[in-house]
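Report on the following structure.
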Amino acid sequence: MSFAVKSFLGKVKSEEWINKPFAAFDTENPENVEKSRAENKNWSAAEKIAEKLKEKKMIQLLPVLKP
């Protein structure tokens with residue numbers, strides 16, 4: 001997850017964003033894809049982002065979209 005996204009998530013206040021819809025999607029960052037394959041992990045920044053937004057009581061419209 002990029003610094004910009006982490007910064008944004010830190011600024012999202014539950015009261016302001018509660019019940020707002022969102023969709024999370026992955027872009028295929030080659031560096032991270034290779035790292036996750038090497039470690040035998042199914043790495044996904046979008047899944048982490050979706051979890052953070054659900055914790056802030058936002059509504060996920062779609063499953064996490066992956067390429």
Side-chain angles (χ1 to χ4, degrees):
M1 190 174 352
S2 74
F3 177 74
V5 172
K6 286 181 186 179
S7 177
F8 169 76
L9 291 174
K11 293 176 184 175
V12 173
K13 305 294 181 217
S14 294
E15 308 81 44
E16 298 169 11
W17 290 83
I18 196 166
N19 294 326
K20 299 283 185 186
F22 77 89
F25 60 93
D26 268 339
T27 57
E28 225 174 87
N29 180 339
E31 180 181 303
N32 290 332
V33 170
E34 290 305 315
K35 180 180 175 184
S36 72
R37 286 182 185 153
E39 295 174 0
N40 261 347
K41 293 182 181 176
N42 191 10
W43 189 87
S44 172
E47 290 172 353
K48 293 176 185 178
I49 293 167
E51 284 304 312
K52 294 285 185 189
L53 293 175
K54 284 192 250 179
E55 288 172 11
K56 298 193 182 271
K57 298 183 170 82
M58 292 182 67
I59 301 168
Q60 187 172 0
L61 295 176
L62 302 167
V64 173
L65 304 173
K66 298 179 186 183

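Treat the numbers as computed from the prediction; the structure is a model and nothing was measured.
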Supply the atom-to-atom distance Glu15 CD to Lys57 NZ, rounded to the nearest 0.5 angstrom. 9.5 Å
Of all heavy-atom pairs between Ala46 and Asp26, which one has the smallest distance, and what is that distance? N-OD1, 2.9 Å
Just to verify, what does Leu65 make a side chain to side chain contact (heavy atoms under 4.5 Å, CB included) with, not counting sequence neighbours? Phe25, Leu62
Residue list, side chain to side chain contact (heavy atoms under 4.5 Å, CB included) with Gln60, at least two apart or on another chain: Phe22, Ala50, Lys54, Val64
Under the side-chain hydrogen bond (donor to acceptor under 3.5 Å, both in side chains) test, residues paired with Lys20 that sit two or more places apart: none
With sequence neighbours excluded, what pairs up with Glu55 under the side-chain hydrogen bond (donor to acceptor under 3.5 Å, both in side chains) test? none
Please report the closest heavy-atom contact between Val5 and Ile49, naming both atoms and the distance. CG1-CD1, 3.6 Å
What pair of heavy atoms forms the shortest contact from Val12 to Lys56, and how long is it? O-NZ, 3.1 Å
